[in-house]
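Inspection log for the structure reproduced underneath, given as structure tokens.
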There are 2 protein chains.
Amino acid sequence: MKQNEKISPAVIRRLPRYLRALEDLENSNTERISSGELSALIGYTASQIRQDLNHFGGFGQQGYGYNVKDLKAEIEKILGLGRQYKMVIVGAGRLGQAINSFISSYSDDFCVTSLFDVKEELIGKEKHGVLIRAVDDLTAYLKENPTDIGVITVTKENAQSACDALVAGGVSGIWNFAPIDLERPAGIPMENVHLSDNLHSLVYYINHPEQI
Amino acid sequence: MKQNEKISPAVIRRLPRYLRALEDLENSNTERISSGELSALIGYTASQIRQDLNHFGGFGQQGYGYNVKDLKAEIEKILGLGRQYKMVIVGAGRLGQAINSFISSYSDDFCVTSLFDVKEELIGKEKHGVLIRAVDDLTAYLKENPTDIGVITVTKENAQSACDALVAGGVSGIWNFAPIDLERPAGIPMENVHLSDNLHSLVYYINHPEQI
DNA sequence: ATATCCTTGTTAATATTATCACAACCCCTG
DNA sequence: CAGGGGTTGTGATAATATTAACAAGGATAT
């Protein structure tokens, strides 16, 4: 990265999109790509693509474009991929199981080591090869088994205490699926997936198609 | 809405957040709320809250603030809630089932009428009281049973054809969980939930906590 | 009634984000 | 190895989005 420049969140949210496009290109054995071609593929302007990438360094070559393999490697490095992230999921209901299944099939870079739940009847069972433990044991488990990411898929009512337990256990980041904005110490990143909010936005645009 | 003013997507994405806060306030029997108090609750500046709401009309009163019940009703009206939206889910795997379960427990405003899948062994079964049909019958089903929203929870490879079938069947909007940007006719709104992108952004901030 | 206190709606200022435009300069062809 | 074509990196400009500031006017207390 150039200096200690603060990168805008808008740029960061686009990086995974670039990565997906580059993976597709690599799979189709494309060796090089220009910002203009990338623009046609993913819809951002060529100018924006060049400016985004330039926040992190000049990965392209004039008259040539970008080397697909190299650029993909650079973006993976920027994001911090290339090592394994250990995860736990708090909430072993349908959503927790779906996320567990998604992660295990998605990439070896992410590994769910345990699920947690309050429900007696779930504790001790396995889902997708992952053991469900009692949520009371969460913090203790995390201290024994250092974990990078905590996923919250419990109800709104239980989300804050799940978050507190994850923080107490020393996770580095939180992925929250509960429809609530959780309190946490500064410096702990959190990504929210608010399904209901998302659905409501969709409904707005269904009713105002002229605004799309 | 004031005139035919085009409302920025940034504003639209905040409306569901306001709605959530107002629901909580209503549940705790709070009658009135000022933009300053709302700001403390949800983190947006008071100025932004007032400006957002004013795009749609003056719902507040000087020296008093906003009436919780009324403001909630206004935002529901703006979003287009208050009627039932019929939905189908294409992809009856874990994610599809999780979304189905989420929706049925979330609100009566949304109703999943059918799941669809390619897998022979799933077709004819019921999940959460909803029948799984063959994806080949999707468009025909939609023509018989007018549907507002199509949810895509199939693999990346099958997502575009699912999208095409939904559009051919006349859905008004699409909620896409596949990690791909789908082609569709202009005027069909689509909300994307790209879990992998989201996870990658989280990983970036885990590795650059100073940038939060 | 009246005066004070609040809080909105709204305009202006600032900050952030996206686009444009082009010089620099590398690839590629012959 | 020279010239034409193509593409980047980047500073300037435009567009959006957010925050600040305050006049207008209702709520509340007395």
Side-chain angles (χ1 to χ4, degrees), chain A residues 1-3 5-18 21-22 25 30-72 74-75 78 201 204 211-212, chain B residues 1-3 5-18 21-22 25 30-72 74-75 78 201 204 211-212:
Chain A
M1 190 175 330
K2 286 177 174 177
Q3 326 284 5
E5 185 190 356
K6 147 92 178 165
I7 309 290
S8 121
V11 176
I12 302 307
R13 278 195 308 277
R14 282 192 292 269
L15 291 179
R17 182 67 194 83
Y18 295 133
L22 290 165
L25 288 165
T30 309
E31 227 174 63
R32 63 184 247 190
I33 185 104
S34 70
S35 58
E37 291 165 330
L38 249 187
S39 170
L41 282 176
I42 67 186
Y44 310 149
T45 66
S47 195
Q48 180 164 68
I49 293 170
R50 291 201 300 279
Q51 206 175 47
D52 280 356
L53 297 177
N54 256 91
H55 283 116
F56 305 98
F59 305 137
Q61 249 180 328
Q62 286 144 327
Y64 176 88
Y66 301 85
N67 177 287
V68 170
K69 231 182 252 299
D70 292 350
L71 184 55
K72 174 165 165 280
E74 290 288 355
I75 293 179
I78 293 163
S201 302
Y204 176 86
Q211 301 220 0
I212 298 173
Chain B
M1 191 174 331
K2 286 178 176 178
Q3 326 283 5
E5 185 191 356
K6 147 93 177 163
I7 308 289
S8 122
V11 176
I12 301 307
R13 278 195 306 278
R14 281 192 292 268
L15 291 179
R17 181 69 194 83
Y18 295 134
L22 290 165
L25 287 166
T30 310
E31 225 173 65
R32 62 185 250 191
I33 185 105
S34 71
S35 59
E37 290 165 332
L38 249 187
S39 170
L41 281 177
I42 67 187
Y44 309 150
T45 65
S47 195
Q48 180 163 69
I49 293 170
R50 291 200 301 279
Q51 206 174 47
D52 281 355
L53 297 178
N54 258 92
H55 283 117
F56 304 99
F59 305 135
Q61 249 181 328
Q62 286 146 326
Y64 176 89
Y66 300 85
N67 177 288
V68 170
K69 230 182 254 297
D70 292 350
L71 184 56
K72 174 165 165 279
E74 290 288 356
I75 292 179
I78 294 163
S201 301
Y204 176 85
Q211 300 220 0
I212 298 173

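Just so it is clear: chains get the letters A, B, ... in the order the sequence lines come, proteins before strands, and each one is counted from 1.
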Non-hydrogen side-chain atoms of A/Arg14 and A/Val11 separated by less than 4.5 Å
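Touching, per the 4.5 Å side-chain cut-off.
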Quick one, B/Lys72 and B/Tyr66 - any side-chain contact, counting heavy atoms below 4.5 Å?
no
Whole angstrom value for the distance that separates [atom2] of [N] from [atom1] of [X]:
X: A/His55; N: D/dT8; atom1: NE2; atom2: P; result: 16 Å
X: A/Asn54; N: C/dA18; atom1: CG; atom2: C1'; result: 15 Å
X: A/Leu71; N: D/dT8; atom1: CG; atom2: P; result: 11 Å
X: B/Gln48; N: C/dG9; atom1: CD; atom2: C1'; result: 16 Å
X: A/Phe59; N: D/dT10; atom1: CZ; atom2: C1'; result: 16 Å
X: A/Asp52; N: C/dT19; atom1: CG; atom2: C1'; result: 12 Å
X: A/Leu53; N: D/dT10; atom1: CG; atom2: C1'; result: 14 Å
X: B/Ile42; N: D/dT18; atom1: CD1; atom2: P; result: 13 Å

Where the side chain of A/Ser8 is defined as all heavy atoms beyond and including C-beta, which of C/dA18, C/dT17, D/dT8 is the nearest nucleotide?
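Output: C/dT17.
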Just how far is it from atom CZ of B/Arg17 to atom CG of B/Leu38, taken to the nearest 0.5 Å?
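Spacing of CZ (B/Arg17) from CG (B/Leu38) equals 9.0 Å.
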Exercise: do B/Asp52 and B/Tyr18 side chains pair donor with acceptor under 3.5 Å:
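Yes, B/Tyr18 and B/Asp52 have a side-chain donor paired with an acceptor closer than 3.5 Å.
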List every contact pair, protein side and nucleotides 12-15 of chain C side both N or O, where the distance is under 3.5 Å.
none

Residue-phosphate contact under 4.0 Å: B/Thr45 side-chain N/O, D/dT19 OP1/OP2
yes
For C/dC26, take OP1 and OP2 only and decide whether either is under 4.0 Å from a side-chain N or O of A/Tyr66.
no
Taking every non-hydrogen atom, the tightest pair across [X] and [Y]:
X: A/Ser35; Y: A/Arg50; answer: OG-NH1, 3.0 Å
X: B/Ala21; Y: B/Ile42; answer: CB-CG2, 3.6 Å
X: A/Ile7; Y: A/Ile12; answer: CG2-CD1, 3.6 Å

Any donor and acceptor pair, going by atom type alone, linking the side chain of A/Lys69 with main-chain N or O of A/Glu31 inside 3.5 Å?
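The answer is no, because no donor-acceptor pair under 3.5 Å joins these two groups.
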Mind checking B/Tyr44 for me? I need base, sugar-phosphate or nothing, with any heavy atom below 4.0 Å counting as a touch.
nothing
Name the nucleic acid region contacted by A/Ser47, choosing base, sugar-phosphate or nothing; use a 4.0 angstrom heavy-atom cut-off, strictly under.
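Result for A/Ser47 = base.
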Letter by letter from the 5' end, nucleotides 22-30 of chain D scores (B base, S sugar-phosphate only, - none; protein heavy atoms under 4.0 Å) B-BBBSS--
Would B/Phe56 and B/Ile75 count as a side chain to side chain contact (heavy atoms under 4.5 Å, CB included) here? Give the steps.
CA-CA 9 Å; B/Phe56 304 99; B/Ile75 292 179; over 6 Å; no
